[in-house]
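Structure record follows, encoded as structure tokens.
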Amino acid sequence: MSIERDVEKKYIDELERKNKKLKKRKKKRLLIMLLILLLLILAFLLLRFGFGLGTGKGSSGSEAGADSPSSSSEKATTAEAPVFVDVKVSGSSYIYENQVKTLDEIKSTISTMKDNVVIRITDDNATKNAMDDLTKMLGDANRKYQRTEGNTAPDSSLADSSSESDSGD
């Protein structure tokens, strides 16, 4: 009977060793699965928030971000309807909201406006220098504008074919 007990004991020992190996394998598999899951979550977060992949917005003063067709400011302007703001150039004076303003005052006012604002310039016997200065300032500020002559109805100039833009391309 002692042989039977020894055989039984060896059999039980062998089963315990196999169970321990299986538990170790399961732990390793679980650890590997958790590690892969953690890496997938990390990759998702990196892609979602753009860390380190060059998909961020960048600084607002960079030229590459400003000219990029996928920049967020251009997406916003295509989604929003354009809002028109009238600036009248009479002689060498700039008239905005029925008040005579300097070019610097107009520039500071325009810089606070949203990207979907289109400046509608009305030429009321303006000097060439005044018009050139205004259009240059708008081009430097990357602002869209339209030019109209005299006191024509503004609705006739809404077509994109009459839009002018000095983007420096």
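When reading the values below, keep in mind they use all heavy atoms of this one structure, side chains included, and skip hydrogens, waters and symmetry mates. Counting begins at 1 with the first residue of the sequence.
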Report the C-alpha separation of Glu16 and Asn19 in whole Å, then their side-chain angles, then the decisive distance to 0.1 Å, and conclude whether the side-chain contact (heavy atoms from CB on, under 4.5 Å) test is met.
CA-CA 5 Å; Glu16 287 176 358; Asn19 284 338; 5.5 Å; no
Give, for atom CG of Asp13 and atom CD of Glu8, the distance between the pair rounded to the nearest 0.5 Å.
10.5 Å
Is the closest side-chain heavy-atom distance between Val89 and Asp123 below 4.5 Å?
no
Roughly how far, to the nearest 0.5 Å, is the CG atom of Asp133 from the CD1 atom of Ile106?
11.0 Å
Does CG in Asn98 sit with more than 12 non-hydrogen atoms of other residues, nucleotides or ligands closer than 6.0 Å?
no
Stepwise, does the salt bridge (Lys or Arg N to Asp or Glu O under 4.0 Å) test hold for Asp140 with Lys136?
CA-CA 6 Å; Asp140 291 344; Lys136 183 180 183 317; 3.0 Å; yes
What's in the same ILVMFWY side-chain cluster as Leu40, cut-off under 4.5 Å, chained through other members?
Ile32, Ile36
Between Asn116 and Ala81 the two heavy atoms that sit nearest each other are ND2-O, 3.0 Å
Which heavy atom in Ala130 sits nearest to a heavy atom in Ser92, and how many Å separate them?
CB-CA, 3.9 Å
Give the minimum heavy-atom separation between Arg143 and Met113, together with the two atoms involved.
NH2-O, 2.7 Å
Taking only residues two or more places apart in sequence, or in another chain, which ones meet Lys26 in a salt bridge (charged side-chain N to carboxylate O under 4.0 Å, His left out)?
none
Ion pair Glu14/Lys10, N-O distance below 4.0 Å
no
Residue of the set Thr148, Asp124, Ile121 for which side chain to side chain contact (heavy atoms under 4.5 Å, CB included) holds with Lys88:
Asp124
Can you sort out the partners of Lys24 under salt bridge (charged side-chain N to carboxylate O under 4.0 Å, His left out), two or more places apart, ordered by chain and number?
none
Remaining members of hydrophobic cluster (4.5 Å side-chain criterion), Leu30
Leu34
Would you check if Val83 and Lys114 make a side-chain contact, meaning some heavy-atom pair closer than 4.5 Å?
no
In the single-linkage hydrophobic clustering (I, L, V, M, F, W, Y; side-chain heavy atoms under 4.5 Å), do Leu45 and Leu37 co-cluster?
yes
Around atom NZ of Lys107, are there more than 12 heavy atoms from other residues, nucleotides or ligands closer than 6.0 Å?
no
Distance in Å, Leu46 CG paired with Ile41 CD1, rounded so as to fall on 0.5 Å steps:
12.0 Å
If the condition is side chain to side chain donor-acceptor pair (under 3.5 Å), which residues does Lys128 pass it with, not counting sequence neighbours?
Asp132
How many angstroms lie between atom CG of Leu138 and atom NZ of Lys144, to the nearest 0.5 angstrom?
13.5 Å
CD1-CG distance between Ile110 and Leu134, expressed to the nearest 0.5 angstrom:
6.5 Å
Between Leu35 and Leu31, is there a side-chain heavy-atom distance shorter than 4.5 Å?
no
Please assess Glu105 against Tyr96 for the test side-chain contact (heavy atoms from CB on, under 4.5 Å), listing each intermediate value before the final yes or no.
CA-CA 10 Å; Glu105 290 173 333; Tyr96 173 69; over 6 Å; no
Residues clustering with Ile95 (ILVMFWY side chains joined when closer than 4.5 Å, directly or via others):
Val100
